[in-house]
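Just below is one structure, and these are the notes that go with it.
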There are 2 protein chains.
Amino acid sequence: MSESLEKQKLKPNKRKVEMTEVEWEIMRIVWDKEPCAAGTVQEELARLKKLHSGSPGKAYSTIKTTMDRMVEKGFLQIEKVRNLQLFKSCISEVDAKHREFRKMLKRAFDGALTPMMQFLIEHEGISKDEASQLRELVQRSEEKSEK
Amino acid sequence: MSESLEKQKLKPNKRKVEMTEVEWEIMRIVWDKEPCAAGTVQEELARLKKLHSGSPGKAYSTIKTTMDRMVEKGFLQIEKVRNLQLFKSCISEVDAKHREFRKMLKRAFDGALTPMMQFLIEHEGISKDEASQLRELVQRSEEKSEK
DNA sequence: TGACATGTTCGACATATATAGAATACTATC
DNA sequence: GATAGTATTCTATATATGTCGAACATGTCA
């Protein structure tokens, strides 16, 4: 038995886990409706798709397969109720946003916030309105950390 | 001959073009050193990799294959000098940052800036210092758009 | 109890991405 | 002009992702 342990690998799964576009779409529904079945997600997605682009939306099995894979990735978990699978999120919306933001920051701005802000102001055409809003936010946050 | 033309598709290529992590790494080098050969990029990448993580870096053919694909995607272009291929970027650093930022914004914040800022302040631990910096930036930008 | 609706599991295929060895071409030089 | 170095092109593998149909299981209700 001692030998067999050495090479035991049991899926390192330490691989970079990124959330793809479709996965984000699914997560949004799950956060909104969890715990929910794959069918619910599929229908809701189809509804939204038709609403926004007129196109028909993906097949149930497509969504189900993707959601099963998301369980392996650690984004979702399954809770069985009789023969029904209910999906719940394993990662909070805040956490997902955090990851997505940090990934972008690392890629495009070397991980630093200030250069990003600089960029926003110089190139993203922050409007006067947006800038004012922003200033308010910042001031409020300063006040909060004041006390 | 007339028949063969009908099915001519010539690569729609209207597909979503995202820049992957490896591609970002390559682009950073190209922006820095363009026009430059694939070998140059490969060596520089290997140098950086060894510097930061001790690991050996990817093979020349890996980088070359990836760069060729990036030409198809419209990120790079080739300029031939005798039998040598020199790569140049087709997309500016600013543009790439823009895309990456917008992609994140769309995914995680429904495309809106203010919620993102809110999030930063609430969850990303913007420090008092950073907030002040930010306020300065914003004010400067407001002044600029004033005149 | 048996047909129907709904859910789950399997397997399949296309394309994208990451990776790299092998075969081939070109150039300068001894 | 044969040869050693580079660079380029070709080919191949593994894994990830997007997409689905078909087969199978189960609960419901007339």
Side-chain angles (χ1 to χ4, degrees), chain A residues 9 11-27 30 33 35-46 49 53 55-88 103 107, chain B residues 9-27 29 33 35-46 49 53 55-87 103 107:
Chain A
K9 268 193 173 182
K11 288 190 198 163
N13 204 10
K14 267 312 177 207
R15 162 177 90 267
K16 195 79 59 66
V17 268
E18 297 195 1
M19 210 179 273
T20 69
E21 190 54 39
V22 180
E23 289 173 343
W24 264 96
E25 282 173 23
I26 291 173
M27 283 311 283
V30 172
K33 303 197 175 322
C36 60
T40 308
V41 174
Q42 188 265 324
E43 284 156 21
E44 180 63 9
L45 274 177
K49 192 75 75 178
S53 65
S55 47
K58 304 181 208 304
Y60 169 82
S61 44
T62 302
I63 299 302
K64 181 58 163 57
T65 304
T66 305
M67 289 178 80
D68 286 342
R69 285 205 281 244
M70 289 168 78
V71 170
E72 266 146 48
K73 284 195 186 180
F75 293 142
L76 294 177
Q77 69 192 111
I78 292 178
E79 181 190 320
K80 255 195 128 143
V81 177
R82 308 194 60 81
N83 84 319
L84 191 56
Q85 292 175 316
L86 291 181
F87 288 83
K88 308 203 310 183
K103 184 176 77 181
R107 278 192 180 178
Chain B
K9 268 194 172 183
L10 74 98
K11 288 186 197 166
N13 205 11
K14 266 313 177 208
R15 161 177 90 268
K16 195 80 60 64
V17 269
E18 296 194 1
M19 209 179 273
T20 68
E21 190 53 40
V22 180
E23 289 173 342
W24 265 96
E25 282 173 26
I26 290 174
M27 283 311 283
I29 313 268
K33 301 199 178 320
C36 60
T40 308
V41 174
Q42 188 265 325
E43 284 156 21
E44 181 64 9
L45 274 177
K49 193 75 76 181
S53 65
S55 46
K58 306 181 205 307
Y60 168 82
S61 45
T62 302
I63 300 302
K64 180 59 163 58
T65 305
T66 305
M67 289 178 80
D68 286 342
R69 280 203 291 246
M70 290 167 77
V71 170
E72 267 147 47
K73 284 196 186 179
F75 295 142
L76 293 178
Q77 69 192 112
I78 292 178
E79 181 190 321
K80 256 193 126 141
V81 177
R82 305 192 65 79
N83 84 318
L84 192 56
Q85 291 175 316
L86 291 183
F87 288 82
K103 184 176 75 180
R107 277 191 181 180

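Values below: all heavy atoms of this structure, side chains included; hydrogens, waters and symmetry mates excluded. Reminder, nothing fancy here: chain letters follow the sequence lines and each chain counts from 1.
- In this model, the phosphate group of D:dT19 is not approached by any side-chain N or O of A:Lys64 to a distance below 4.0 Å at OP1 or OP2.
- With hydrogens and angles left out, the side chain of B:Ser61 and the base of C:dG21 share a donor-acceptor pair within 3.5 Å.
- Computed from coordinates, the A:Glu23 CD to D:dA16 P distance equals 12 Å when rounded to whole Å.
- One interatomic measurement links the two molecules: CE of A:Met67 to C1' of D:dT17, which rounds to 16 Å at whole-angstrom precision.
- Between the CD1 atom of A:Ile63 and the C1' atom of D:dT19 there is a distance of 10 Å, given to the nearest Å.
- Atom pair B:Met70:CE and C:dA18:P shows a separation of 10 Å (rounding to whole Å applied).
- Per the geometry, NZ belonging to B:Lys80 stands 19 Å off P belonging to D:dT6, to the nearest Å.
- The CH2 atom of B:Trp24 sits 18 Å away from the C1' atom of C:dT17 (whole-angstrom rounding).
- Evaluation of atom-type donor-acceptor distances gives no pair under 3.5 Å for the side chain of A:Thr20 against the base of D:dA16.
- Checking D:dT8, C:dT9, D:dC20 against the side-chain heavy atoms of B:Leu84 singles out D:dT8 as nearest.
- Straight-line distance from the CD atom of A:Glu72 to the C1' atom of D:dT17: 13 Å, rounded to whole Å.
- Atom CE of B:Met27 is separated from atom CZ of B:Phe87 by 11.5 Å, given to the nearest 0.5 angstrom.
- Minimum atom distance to the side chain of B:Ala59 is reached by C:dG21, of the listed D:dT19, C:dG21, D:dT17.
- Spacing between atom CD of B:Gln42 and atom C1' of D:dT6 amounts to 13 Å, rounded to whole angstrom units.
- Contact check, A:Gln85 against C:dT9: a side-chain N or O comes under 4.0 Å of OP1 or OP2.
- Comparing atom distances between the B:Val22 side chain and each of C:dG21, C:dA18, D:dG21 picks out C:dA18 as nearest.
- A distance of 12.5 Å separates OG1 of A:Thr65 from NZ of A:Lys58, quoted to the nearest 0.5 Å.
- Checking B:Thr65 against A:Glu43, the closest nucleotide of DNA chain C that is more toward the 5' end is the one next to A:Glu43.
- The side chain of A:Thr62 places an N or O atom within less than 4.0 Å of a non-bridging phosphate oxygen (OP1 or OP2) of D:dC20.
- Comparing C:dT9, D:dT19, C:dT19 by their nearest atom to the side chain of A:Arg69 picks out D:dT19.
- OP1 or OP2 of C:dT8 has at least one side-chain nitrogen or oxygen of A:Tyr60 nearer than 4.0 Å.
- Separation of atoms CD (B:Glu44) and NZ (B:Lys49) is listed at 12.0 Å; rounding is to 0.5 Å.
- Between B:Met19 and B:Lys73, the closest side-chain pair of non-hydrogen atoms is not below 4.5 Å.
- How far OG1 of A:Thr20 is from CZ of A:Phe75: 8.5 Å, rounded to the nearest 0.5 Å.
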